[in-house]
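One structure below.
Counting starts at 1 for both ligands and their atoms, following the listed order. Values below: all heavy atoms of this structure, side chains included; hydrogens, waters and symmetry mates excluded.
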Amino acid sequence: MTPDHHQERAPVTVAGLGPMGQALADAFLAAGHPTTVWNRTAGRAAALRDRGATEADTIDQAFGAGTIVVICVRDYDAVRDLLDMVQLDWTGRTLVNLTSGAPDQARRLAEWAGARQISYLDGAILTPTPTIATPAARVIYSGSSDAYASARGTLSAISSQPIYLDHNPSAANSYDTALLDIFHTTVHGIVHGFALVTAEGIRGGQFAPFATGIASLLPEMVTRFAAQLDAGSHPGERSTIASSRASIRHIIDTADQHGIDTGALHAALAVIDRATAEGHGGDGLSYLATALGHND
Ligand SMILES: NC(=O)c1ccc[n+]([C@@H]2O[C@H](COP(=O)([O-])OP(=O)(O)OC[C@H]3O[C@@H](n4cnc5c(N)ncnc54)[C@H](OP(=O)(O)O)[C@@H]3O)[C@@H](O)[C@H]2O)c1
């Protein structure tokens, strides 16, 4: 990379040098952006410095060096801690927050930025650190379309196909939160299934090919449920909520025999019972997304 090449690229600041912040800073450096880094705890920037990053002594110096200022820290409380520390003229800069959080936190941060005329873009990183700057990286953005237009070229260093969802700043966190919901409840299902079979004396490796068979059914189910929810129609011709109730009951009975926790299954059963009480026992399982919202 020649010095001239560096001149063409927008200067970027990365605040937060956990595993993800390090990967982001590396990607900006690799794309030729003059990159300034800062972390609350000193000593995390040595490798980045070796690859050409500038380590700022103060957070004001760090934020002042970038026209695109990227924050990627643990949570939104940490983001606010950082922003409260900064005394900066934000004119000509765009703040891009790639910290994971809840939709409401993104809304409130966008309001905070709006009250200060700060150009603000919210984003969520959907894939792990090794994907950053590779075609596998998935990063979604929402909020001001002007902020996105300012930052898009620079952000393509971390994901060559950035996805802008909506002008509503909370959209990226809404997607991210729901995807994490699917991930974590699925992980619970996987480990629960393993707990059951191993309690029955079956080795994990014997069971795994059957478990992966379940996973391969999910993409079609997700697409079908989406269409049914959007249409407000939940036909029970493939399987019904009533039938699901019977399955969950025998899983609970088996888990109880082995002393395995049944908290998540009882939670699922409660939603099924509510849907059944509302007269939807003969509906398809996609109706349960609606029944979940009747928890009052
Ligand atoms: N790692 C991944 O693969 C991945 C994937 C998708 C999304 N994300 C998201 O990316 C964000 C960063 O994740 P990460 O993996 O880099 O590690 P992390 O452990 O979530 O965050 C570590 C960073 O947060 C900083 N931090 C924590 N509390 C702070 C505070 N009160 N004030 C200032 N800085 C604070 C840490 O600074 P110190 O060093 O001073 O403690 C460090 O820079 C998270 O929101 C995470 O959910 C990560």
Side-chain angles (χ1 to χ4, degrees), residues 12-30 35-49 51 53-63 65-66 68-88 95-110 112-113 120-143 151 155 157-163 165 169-187:
V12 181
T13 295
V14 178
L17 297 179
M20 187 51 87
Q22 301 252 357
L24 299 176
D26 249 337
F28 292 125
L29 284 168
T35 303
T36 301
V37 296
W38 183 88
N39 194 59
R40 176 183 61 171
T41 306
R44 302 265 154 83
L48 288 165
R49 266 201 328 265
R51 290 193 284 278
T54 303
E55 183 178 12
D57 292 329
T58 66
I59 189 164
D60 283 328
Q61 200 182 73
F63 279 36
I68 307 295
V69 176
V70 175
I71 302 184
C72 188
V73 288
R74 172 78 41 87
D75 52 30
Y76 275 63
D77 288 341
V79 174
R80 290 301 295 271
D81 285 351
L82 293 195
L83 290 170
D84 286 344
M85 286 164 66
V86 176
Q87 303 291 326
L88 182 68
L95 172 61
V96 182
N97 178 28
L98 295 180
T99 304
S100 303
D104 191 51
Q105 292 178 306
R107 273 191 286 274
R108 278 187 272 127
L109 196 55
W112 178 93
Y120 176 69
L121 186 66
D122 204 279
I125 302 171
L126 304 183
T127 51
T129 50
T131 66
I132 298 303
T134 77
R138 280 287 167 279
V139 188
I140 54 179
Y141 299 95
S142 57
L155 295 172
I158 57 178
S159 163
S160 57
Q161 293 184 317
I163 299 167
L165 296 169
S170 61
N173 279 0
S174 299
Y175 279 59
D176 188 38
T177 303
L179 291 167
L180 288 170
D181 184 357
I182 292 173
F183 178 78
H184 289 292
T185 49
T186 303
V187 167

Enumerate the atoms of ligand 1 whose separation from the nearest heavy atom of [X] is less than 4.0 angstrom.
| X | answer |
| --- | --- |
| Thr127 | 5 (C), 6 (C) |
| Arg44 | 38 (P), 39 (O) |
| Pro128 | 3 (O) |
| Thr99 | 45 (O) |
| Leu17 | 43 (O) |
| Ala78 | 28 (N), 29 (C), 30 (C), 31 (N), 32 (N), 35 (C) |
| Leu82 | 33 (C) |
| Gly16 | 43 (O) |

Below 3.5 angstrom, do we get any N/O pair linking [X] and ligand 1?
| X | value |
| --- | --- |
| Ile125 | no |
| Cys72 | no |
| Ser100 | yes |
| Asn39 | yes |
| Met20 | yes |

Any donor-acceptor pair under 3.5 Å from [X] side chain to [Y] backbone:
| X | Y | value |
| --- | --- | --- |
| Thr13 | Val69 | no |
| Thr99 | Val73 | yes |
| Thr127 | Arg138 | yes |
| Asp122 | Ser142 | no |

Identify the protein heavy atom lying closest to [atom], giving its residue, its atom name and the separation to 0.1 Å.
| atom | answer |
| --- | --- |
| atom 20 (O) of ligand 1 | Arg74 NE, 3.2 Å |
| atom 17 (O) of ligand 1 | Pro19 CD, 3.6 Å |
| atom 41 (O) of ligand 1 | Arg40 NH2, 2.9 Å |
| atom 1 (N) of ligand 1 | Thr129 CG2, 3.7 Å |
| atom 22 (C) of ligand 1 | Gly18 CA, 4.0 Å |
| atom 12 (C) of ligand 1 | Val73 O, 3.5 Å |

Worked check of side chain to side chain contact (heavy atoms under 4.5 Å, CB included) between Asn97 and Tyr76: CA-CA 9 Å; Asn97 178 28; Tyr76 275 63; 3.2 Å; yes

Side chain to side chain contact (heavy atoms under 4.5 Å, CB included) between Thr36 and Gln61, worked out: CA-CA 9 Å; Thr36 301; Gln61 200 182 73; over 6 Å; no

Under a heavy-atom criterion of less than 4.0 Å, does Leu126 contact ligand 1? no

Side-chain contact, heavy-atom cut-off 4.5 Å: [X] with [Y]?
| X | Y | result |
| --- | --- | --- |
| Val139 | Leu155 | no |
| Ile132 | Asp26 | no |
| Met20 | Leu98 | no |
| Phe63 | Leu83 | yes |

Residue pair Val70, Ile158: steps toward the side chain to side chain contact (heavy atoms under 4.5 Å, CB included) verdict: CA-CA 11 Å; Val70 175; Ile158 57 178; over 6 Å; no

Using a 4.0 Å heavy-atom threshold (strictly under), name the region of Thr41 that reaches ligand 1: side chain, backbone, both or neither. both

So that I can tick it off, tell me whether Arg80 and Asp77 are bridged by a salt bridge, with the cut-off set at under 4.0 angstrom between side-chain N and carboxylate O. no

Take Leu48 and Gln22 through the test side chain to side chain contact (heavy atoms under 4.5 Å, CB included) and record every step on the way to the result. CA-CA 8 Å; Leu48 288 165; Gln22 301 252 357; 3.7 Å; yes

